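Note that ligands are numbered from 1 as they come in the structure, with each ligand's atoms numbered from 1 the same way. Predicted model only: the values in this text are computed from it and were never measured.
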Amino acid sequence: MADLPRVFVTRPLPDKVLEEAARHFDLTVRAETQPLSKSEMGSVLAEYDGVLPTLGDPLGADVLPGADKARVLANFGVGYNHIDVAAAEAAGMVVSNTPGAVTDATADIAVLLMLMTARRASEAEAAVRDGSWEGWHPTQYLGLHVSGKTLGVIGMGRIGKAIAKRCHFGFGMDVVFYNRSTVADCGVPARQLGSVAEVMAAADVVSLSVPGGAANQHMIGAAELDAMKPHGILVNTARGDVVDEAALIAALQSGSIGGAGLDVYENEPEVPEALRALKNVSLLPHLGTAALDVRTQMGLMAVENLRAFFAGEDVPNRVTV
Ligand code: 8YV
């Protein structure tokens with residue numbers, strides 16, 4: 001039997017994923033949970049035929065050109081803004097991701113953040129935990145009742161549609177959205193608006209589901225935040241760099257927007273002290289897909305992408321520039 005392709009997995013993954021991977025590859029699984037350094041990644045790319053990287057692993061234009069062995073990067077996750085796909089292609093590599101597997105779980109977290117922030121759950125729970133809750137009264141912790149309000153979606157792809165579906169059918173929300181290209185079928189009645197600012201202005205809750213990276217960096221800045229209603233809530237389960245975090249903090253501090261529910265940050269895992277000090281925010285540690293069956297499905301997709309590549313087949317979830 002021919003030698004199996006040598007594949008490097010950059011973090012521990014669910015058992016089922018590693019068992020499946022071990023059937024197809026000569027597998028090395030790194031035990032550390034945090035990203036590799038650039039020099040470690042350089043060595044991996046020089047030594048292995050394929051890599052199964054994850055969020056935050058350094059695969060930029062400063063690391064990839066040196067790669068002289070690896071031919072495929074099968075990313076674990078739909079977002080691949082940590083990979084410079086042009087540099088990977090120039091180095092002769094195929095890149096893939098795991099769409100679909102992440103959709104529902106990520107949309108669930110967006111809805112969770114919407115409700116937590118609208119109903120002031122983080123602030124109120126903190127009071128229960130620290131013993132400062134004084135007891136019920138009729139005007140305590142009044143929040144935003146989202147039922148029947150308007151949801152704004154920025155980026156009407158798979159995840160945007162799943163959020164819209166939950167909010168429309170679950171909470172009777174109207175849906176407006178911004179998307180670069182025209183989206184004819186959102187799965188729910190929805191109105192496509194011409195700009196991000198128009199959506200920010202029309203919605204009570206705005207949820208972001210566009211990719212991170214240069215194209216969308218600071219898509220939500222001071223001007224867009226300024227367009228929001230004073231009670232408006234921003235939800236971000238996409239990538240931290242889509243939002244100008246300093247501008248968001250300023251808007252939250254001044255009360256020009258109502259609140260923010262965040263699962264992602266500009267410099268994870270750093271979360272600015274000024275953001276953590278605010279009461280009108282809900283802050284989660286990039287939980288989007290954190291469920292065993294979801295992470296298993298993502299991993300199996302990545303393994304299938306690798307298997308197809310090494311079998312000389314079309315890679316099912318290939319991404320290109
Ligand atoms: C993943 C995500 O957990 O799929 C994505 O793009 O943001 C997350 O839900 C992470 O990317 C895994 O690498």
Side-chain angles (χ1 to χ4, degrees), residues 7-14 16-18 21 29-36 41 44 50-60 72-85 88 95-113 153-163 166 207-217 219 235-243 245 261-271 283-306 316-319:
V7 167
F8 188 88
V9 178
T10 65
R11 327 275 182 106
L13 295 180
K16 268 194 199 159
V17 177
L18 297 180
V29 184
R30 181 169 163 270
E32 285 85 356
T33 55
Q34 296 307 307
L36 288 87
M41 184 59 94
V44 165
V51 183
L52 197 161
T54 62
L55 178 81
D57 286 334
L59 288 162
V72 56
L73 304 173
N75 188 53
F76 178 84
V78 70
Y80 52 88
N81 53 310
H82 53 292
I83 303 176
D84 187 319
V85 179
V95 181
S96 65
N97 69 345
T98 64
V102 309
T103 305
D104 285 330
T106 307
D108 291 348
I109 292 292
V111 172
L112 174 70
L113 282 168
V153 174
I154 307 290
M156 194 54 103
R158 291 183 189 81
I159 296 173
K161 286 178 186 174
I163 296 167
R166 282 157 174 72
S207 181
L208 308 178
S209 44
V210 291
N216 295 328
Q217 190 171 24
M219 180 184 232
V235 171
N236 190 5
T237 56
R239 283 293 182 265
D241 62 354
V242 175
V243 178
E245 213 163 66
L262 306 175
D263 193 37
V264 289
Y265 307 88
E266 274 203 89
N267 296 302
E268 295 177 18
E270 278 167 45
V271 179
L283 305 174
L284 297 179
H286 205 134
L287 283 187
T289 55
L292 181 60
D293 53 345
V294 179
R295 291 273 161 87
T296 301
Q297 194 51 40
M298 291 161 66
L300 291 175
M301 277 182 97
V303 169
E304 173 55 16
N305 288 327
L306 286 165
N317 305 111
R318 182 170 183 175
V319 295

Min N/O separation Thr106 to ligand 1 under 3.5 Å: no
For atom 3 (O) of ligand 1, what is the closest protein heavy atom, and at what distance to 0.1 Å? Thr289 OG1, 2.8 Å
Is the number of heavy atoms from other residues, nucleotides or ligands under 6.0 Å of Glu268 CD greater than 12? yes
State the atoms of ligand 1, each with its element, that fall below the 4.0 Å cut-off from a heavy-atom position in Arg239. 2 (C), 5 (C), 6 (O), 7 (O), 11 (O)
Check: Arg158/Thr103 side-chain N/O donor and acceptor closer than 3.5 Å: no
Please lay out, stage by stage, how Thr33 and Arg11 fare under the test side chain to side chain contact (heavy atoms under 4.5 Å, CB included). CA-CA 5 Å; Thr33 55; Arg11 327 275 182 106; 5.6 Å; no
For atom 4 (O) of ligand 1, what is the closest protein heavy atom, and at what distance to 0.1 Å? Val78 N, 2.9 Å
Under 3.5 Å, is there a donor-acceptor pair between the side chain of Asp84 and the main chain of Gly60? no
So Leu52 and Val303, side chain to side chain contact (heavy atoms under 4.5 Å, CB included) or not? Walk me through it. CA-CA 8 Å; Leu52 197 161; Val303 169; 4.3 Å; yes
Do any nitrogen or oxygen atoms of Gly77 lie less than 3.5 angstrom from nitrogen or oxygen atoms of ligand 1? no
Atom indices of ligand 1, in the order listed, that fall short of 4.0 Å to a heavy atom of Arg295: 3 (O)
Assess Val102 for proximity to ligand 1: is some non-hydrogen atom of it under 4.0 Å away? yes
Of Val44, Leu59, Val51, which is the lone residue that meets side-chain contact (heavy atoms from CB on, under 4.5 Å) with Leu36? Val44
Protein heavy-atom partner closest to atom 10 (C) of ligand 1 - residue, atom, separation in Å: Leu55 CB, 4.0 Å
Phe76 heavy atoms, cut-off 4.0 Å: which ligand 1 atoms fall inside? 12 (C), 13 (O)
Indicate yes or no: does Arg166 engage Asp104 in a salt bridge with an N to O separation below 4.0 Å. yes
